[in-house]
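Hydrogens, waters and symmetry mates play no part in the numbers below; they use all other heavy atoms, side chains included.
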Amino acid sequence: MATRLVRSNDPCWCGSGRKFKRCHKDSAERVRPGRISPWRAVPERIARPPYADTGEPLPWEEPLVKAPDVVARMRRAGRLAATVLRTVGEAVRPGITTDALDALAHELITEAGAYPSPLNYHGYPKSLCTSVNEVICHGIPDDRVLRDGDIVNLDVTVYLDGVHGDTNATFLVGNVDPESRRLVDVTRQCLQRGIDAVRPGRPISDIGRAIEAHASAHGYGVVRAFVGHGIGEQFHANLHVPHYYEPAADTVMERGMTFTIEPMITMGDWRHDLWDDGWTAVTRDGRRTAQFEHTLLVTDDGAEVLTTCDG
């Protein structure tokens with residue numbers, strides 16, 4: 001019997017019901033580690049977070065409800081993070097390396113007098129996280145070239161005036177297939193559903209309930225291993241914000257609290273594997289994932305997004 005060639009858009013031979021290109025196509029199409037460039041220096045004039053030299057943050061019990069002066073500084077840090085994200089996102093195109101995007105982010109942040117928060121946080125070697133296709137989060141920029149049809153998440157955090165501003169978004173690289181575009185659109189909607197669920201007097205679990213309901217309605221998974229977090233004078237403060245419904249997440253939201261919401265939504269399995277670099281988390285089944293993030297302030301009747309650009 002003659003064997004028929006399986007094309008990219010044919011149903012996969014394994015019976016999953018997915019297209020071959022999204023299932024068992026040549027594993028060489030999976031994202032693989034590239035070469036990482038040398039450490040980028042931060043000018044001495046720039047104030048550094050406590051972990052910048054040691055690589056080890058020392059947690060402390062930072063108040064969940066922030067003082068007005070802290071909030072004012074977080075607005076400035078959030079605005080800078082959003083501006084950097086927008087500018088680096090505009091540079092995304094087929095043929096550019098994720099290392100070049102990191103170089104641009106590093107330059108923009110340090111020229112603004114800020115420190116790139118990821119740099120040397122627990123030893124992380126770069127100023128930006130770049131997570132391509134099936135990489136869920138914490139992808140390390142390297143010499144891999146972005147290809148037409150990829151999707152890439154850029155995660156920007158800056159340390160300015162003693163506080164952090166954290167945001168990310170997923171960008172399309174050239175001509176992206178409709179299935180991946182839909183994933184990115186629904187993930188953006190999931191972030192908005194989470195923001196809409198922020199209300200003083202309500203438990204944190206409301207956020208994950210809203211996100212998971214929207215993702216599930218579209219047939220997507222929600223990553224559980226990585227969650228939103230408290231933020232302020234610390235990069236990751238003592239509050240966890242699950243993006244799935246977790247009844248135990250019963251901390252009651254109060255006016256003046258600050259935290260991130262950053263859902264990671266998957267086409268398939270929400271479980272992850274970790275590369276040997278100790279950072280790069282990928283979907284277990286190799287299917288694509290997307291993420292969006294904002295830093296938020298709880299207000300009298302909802303949430304203020306701190307990571308927005310002027311206008």
With sequence neighbours excluded, what pairs up with F292 under the ring-ring contact (aromatic ring centres under 6.0 Å, His included) test? none
Would you say that more than 12 heavy atoms from the other residues, nucleotides or ligands in this model lie under 6.0 Å from the CZ of R193, or not? no
Would you please name every residue forming a side-chain contact (heavy atoms from CB on, under 4.5 Å) with V252, sequence neighbours left out? none
Test side chain to side chain contact (heavy atoms under 4.5 Å, CB included) on L108 and T87 and set out the steps. CA-CA 9 Å; L108 292 168; T87 303; 3.7 Å; yes
For T258 and I231, indicate whether the former's side chain and the latter's backbone hold a donor-acceptor pair under 3.5 Å. yes
Taking M74 as the starting point, is it possible to reach V198 by hopping between hydrophobic residues whose side chains are less than 4.5 Å apart? no
Please answer whether the main-chain N or O of W60 pairs with a side-chain N or O of Q234 as donor and acceptor at a distance below 3.5 Å. yes
Using 0.5 Å steps for rounding, measure from the OG1 atom of T289 to the CG atom of N133. 10.5 Å
Will you find, in the side chains of E262 and T260, an N or O donor that is under 3.5 Å from an N or O acceptor? yes
Polar side-chain atom of T307 near backbone of T295 as donor-acceptor pair, under 3.5 Å: yes
Do V92 and I140 sit in one hydrophobic cluster, given that two such residues count as connected whenever their side-chain heavy atoms are within less than 4.5 Å of each other, even indirectly? no
Go through the steps to decide whether Y124 and S117 satisfy the test side chain to side chain contact (heavy atoms under 4.5 Å, CB included), and finish with yes or no. CA-CA 10 Å; Y124 186 80; S117 301; over 6 Å; no
Can you tell if the side chain of E246 reaches within under 4.5 Å of the side chain of H240, non-hydrogen atoms only? no
Side-chain (D148) to main-chain (N175) donor-acceptor, under 3.5 angstrom: yes
Which pair of heavy atoms, one from N238 and one from E62, lies closest together, and at what distance? OD1-O, 3.3 Å
Treating R287 as the side-chain partner and M267 as the backbone partner, does any N or O pair qualify as donor plus acceptor under 3.5 Å? yes
Taking the side chain as every heavy atom from C-beta outward, state whether L191 and E293 have any atom pair closer than 4.5 Å. no
Please report the interatomic distance OG(S131) to CD1(I151), rounded to the nearest 0.5 Å. 10.0 Å
Do the side chain of H218 and the main chain of H214 share a donor and acceptor less than 3.5 angstrom apart? yes
Does any pair with a residue in residues 202-223 pass salt bridge (charged side-chain N to carboxylate O under 4.0 Å, His left out), and if so which ones, sequence neighbours excluded? R202-D206, E212-R224
Taking C-beta and beyond as the side chain, do I36 and P141 meet within less than 4.5 Å on heavy atoms? no
Among the clusters formed by ILVMFWY side chains lying less than 4.5 Å apart, do I109 and L104 turn up in the same one? yes
Step by step, work out the side chain to side chain contact (heavy atoms under 4.5 Å, CB included) result for H294 and I261. CA-CA 6 Å; H294 274 310; I261 300 178; over 6 Å; no
Carefully, step by step, assess K66 and E254 under the rule salt bridge (charged side-chain N to carboxylate O under 4.0 Å, His left out). CA-CA 10 Å; K66 302 299 188 286; E254 299 178 54; over 6 Å; no
If the plane angle is over 60° it's perpendicular, under 30° parallel, otherwise tilted; pick one for H236 and Y121. tilted
With no hydrogens and no angle check, just 3.5 Å: does a side-chain donor-acceptor pair link T98 and R144? no
Enumerate the residue pairs fulfilling ring pair (Phe, Tyr, Trp, His ring centres under 6.0 Å) with a member in residues 96-120, sequence neighbours excluded, ordered by first and then second residue. none
Rounded to the nearest 0.5 Å, how far does CG of D285 lie from CG of D269? 5.0 Å
Roughly how far, to the nearest 0.5 Å, is CG of D150 from CD of E29? 10.0 Å
Working note: L146 + V152, criterion side chain to side chain contact (heavy atoms under 4.5 Å, CB included); need CA distance, chi angles, decisive distance, verdict. CA-CA 8 Å; L146 292 178; V152 57; 4.1 Å; yes
Backbone N or O of G34 within a donor-acceptor pair of the D142 side chain at under 3.5 Å? yes
Beyond-backbone contact of I265 with V222, side-chain heavy atoms, under 4.5 angstrom: yes
With A290, which residues qualify under side-chain contact (heavy atoms from CB on, under 4.5 Å), at least two apart? T170, L183, V184, T187
Checking A82 now: which residues fulfil side-chain contact (heavy atoms from CB on, under 4.5 Å) with it, not counting sequence neighbours? C309
Residues two or more places apart in sequence or in another chain: which of them pass ring-ring contact (aromatic ring centres under 6.0 Å, His included) with H138? F226, W279
Counting only heavy atoms not in R48 (residues, nucleotides, ligands), do more than 12 fall under 6.0 Å from its CZ? yes
Determine, using the 4.5 Å side-chain heavy-atom cutoff (strictly less than), whether F171 and V88 are members of one ILVMFWY cluster. yes
Side-chain contact, heavy-atom cut-off 4.5 Å: H272 with T266? no
E90, CD: over 12 other non-hydrogen atoms inside 6.0 angstrom: yes
Applying the 4.5 Å side-chain criterion to the ILVMFWY set and letting contacts propagate, would V305 and I204 be lumped into a single cluster? yes
How far apart are the C-alpha atoms of R255 and D300, what are their side-chain angles, what is the distance that settles it, and do they pass the salt bridge (charged side-chain N to carboxylate O under 4.0 Å, His left out) test? CA-CA 6 Å; R255 182 181 183 276; D300 287 331; 2.8 Å; yes
Can you name the residues that form a ring-ring contact (aromatic ring centres under 6.0 Å, His included) with H122, not counting sequence neighbours? none
Rounded to the nearest 0.5 Å, the OG atom of S205 sits from the CG atom of D250 at a distance of 7.5 Å
Could you measure the distance from the CZ atom of R199 to the CG atom of D301? Nearest 0.5 Å is fine. 6.5 Å
Throw together a table of side-chain donor-acceptor distances under 3.5 angstrom for residues 156-163, partners on residues two or more places apart or in other chains.
residue : atom : partner : partner atom : Å
T157    : OG1  : D166    : OD1          : 2.8
D161    : OD2  : R76     : NE           : 3.1

Partners of P247 by side-chain contact (heavy atoms from CB on, under 4.5 Å), sequence neighbours excluded? Y245
With a 4.5 Å cut-off on side-chain heavy atoms, are W270 and Y244 touching? no
Carboxylate-amine/guanidinium contact D99 K126, below 4.0 Å: yes
Test: salt bridge (charged side-chain N to carboxylate O under 4.0 Å, His left out). Region: residues 101-118. Which pairs qualify, not counting sequence neighbours? R40-D102
Applying side chain to side chain donor-acceptor pair (under 3.5 Å) between D185 and each of R182, R181, R188, report the one that passes. R188
List the residues meeting ring-ring contact (aromatic ring centres under 6.0 Å, His included) with F259, not counting sequence neighbours, and say none if there are none. none
Tell me, yes or no, whether the heavy-atom count around R35 atom CZ, taken from other residues, nucleotides or ligands under 6.0 Å, exceeds 12. no
